[in-house]
Amino acid sequence: MSTFSIKIDKLNLTDIQNLVTYKVREGSNIEYKSQMIREEQICIAVSSFANAYGGDFYIGIEESNGEPTSLVGIEVEDIDNEELRINNILQNGIEPKLGRYDLRSFQVAPGKCVILIRVYRSWTRPHRVIKNQKFYSRKSNGKFPMDVHELREMFLGATEFSKKYEHFKEERLLYCVNAYGDQPFFMVHFLPLSCFEHHYSLDMGLLDRVNLKPIASAGWNPRINFHGLYSESVRAESRMQIFRNGIIEQTSVRLTRESQISSENFEKTIIGCIIDQIKNYKIMGIDEPFYLTCSFYGVEGFNFIIRPDRFCDIFPLLEDKLVLPEILVDPSIIEPLTPVAVGQTIMPILDALWNAFGIAKAELEVARTSR
């Protein structure tokens, strides 16, 4: 199997040797070179991975017709200097600059190393090679220069994502209206960037491993359903669905009781929910940013509850539907994964909620109490 599924810091020389032992052929997420290649060729290979779904680029593995035959290694006097040189090549040879990739070397003989460039799918794609001004991507048979149609599709990717999500959201809103009747409800979606590309398929065997706790609930009954993995609270006031494409949906009527929204309760609940889903995505093997969207429905005339010592004018909601700003969350940069760090990430959502009730700026309660 390809090493791309193994975390780079967990890889060892045995894993690399297994590529030869099990004859792991070159493909969409792996490529071999027996010796150091020209700077332009390094940029072509790396950018092709970044413009597709990421992959491992090995230098120092001999291959024949795409099949690895031996770990020959390349002669390197100072591996730190060599890695610095490769970093400079990538930083100066590809535009826009790559946001994330890793370098690691494996000694296969005295003075000889196999160098691995681990490339992750880029969310600022497409990237082009500066030297020849061309864009490259990858399929199962390797890398290729992209044509005008393929480039157009990639540039329009964000627009297509929005269209597909709007259609999906309409269907889910209809489901919630049928499920909750005339009760006001809250809905949050977690949308991995590749969720509409049919690249991921949920493993139903994860039923007992992922956290299927519905938002704002204490007890729940997880099970498999048509869409994927599902759970609901004891009285079905909160529901959670993990869809087969990796989208996670949380809905509840428990955050919209008594015609009011509590700022402290909402903040605490949504932050806890986000932390749970980031952990779920790690278990599910989804290592990419996701969009977070939050909405309230049936909330016209609702009041806002804040701390008694926060003196300000609060106005009832004029809107029946409150769609808060969507934000892009990159779990890899939320370190450590704490309530304060997550709260700071979602400040645009909290600010918009407070704005809806006439307050200029939200106060992050979890940050105040942690001082």
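In this structure, the ring of Tyr291 has its center less than 6.0 angstrom from the ring center of Phe161. Ring centroid separation for the pair Tyr180 and Tyr297 does not come in under the 6.0 Å cut-off.
Using a distance-only test at 3.5 Å, with no hydrogens or angles considered, no donor-acceptor pair links the side chain of Gln344 to the main chain of Ala341. Without hydrogens or angle criteria, Arg254 side chain to Ala216 main chain gives a donor-acceptor distance under 3.5 Å. Judged by distance alone, with hydrogens and angles left aside, the side-chain atoms of Arg104 form a donor-acceptor pair with the main-chain N or O of Ile8 at under 3.5 Å. Under the 3.5 Å distance criterion, the side-chain polar atoms of Asn88 are left unmatched by any main-chain donor or acceptor of Arg85. With hydrogens and angles ignored, the 3.5 Å screen pairs a side-chain donor or acceptor of Gln250 with a backbone N or O of Ile215. In this structure a side-chain-to-backbone donor-acceptor pair under 3.5 Å is missing from Asn303 to Pro316. At least one donor-acceptor pair closer than 3.5 Å links the side chain of Glu288 to the backbone N or O of Ser194. Side-chain N or O atoms of Glu171 include none that pairs as donor or acceptor with a backbone N or O of His167 at under 3.5 Å. Of the possible donor and acceptor atoms, one in the side chain of Lys97 sits under 3.5 Å from a partner among the backbone N and O of Gln91.
Contact of the Ile61 side chain with the Ile16 side chain is registered, since non-hydrogen atoms from C-beta on lie closer than 4.5 Å. Under the 4.5 Å side-chain criterion, counting only non-hydrogen atoms from C-beta, Val20 is not in contact with Ser70. Counting heavy atoms from C-beta outward, Lys169 and Met187 have side chains that approach closer than 4.5 Å. Annotation: side chain of Asn92 is not in contact with side chain of Ile130 (no heavy-atom distance under 4.5 Å). Counting only heavy atoms from C-beta outward, the side chains of Ile270 and Cys294 approach each other to under 4.5 Å. Between Ile334 and Leu337 the shortest side-chain heavy-atom distance falls below 4.5 Å.
Because its NZ or CZ atom is not both nearer than 6.0 Å to the ring centre of Phe155 and within 45° of the ring axis, Arg152 does not count as a cation-pi partner of that residue.
Few gaps surround CD on Gln133; more than 12 heavy atoms of other groups in view lie less than 6.0 Å from it.
Between Arg209 and Asp203 no salt bridge is recorded (no basic side-chain N to carboxylate O distance below 4.0 Å). Look at Lys143 and Glu31 and you find a salt bridge, because one of the NZ, NE, NH1 or NH2 atoms lies within 4.0 Å of a carboxylate O, short of that distance.
Counting only residues at least two apart or on different chains, the ring pair (Phe, Tyr, Trp, His ring centres under 6.0 Å) pairs with a member in residues 233-252 are Phe168-Phe243, His227-Phe243. For residues 43-81, the set of pairs meeting the ring pair (Phe, Tyr, Trp, His ring centres under 6.0 Å) definition, not counting sequence neighbours, comprises Tyr53-His199.
Between Phe186 and Phe266, the ring planes are perpendicular. Angles over 60° get that label, and only those under 30° would be called parallel.
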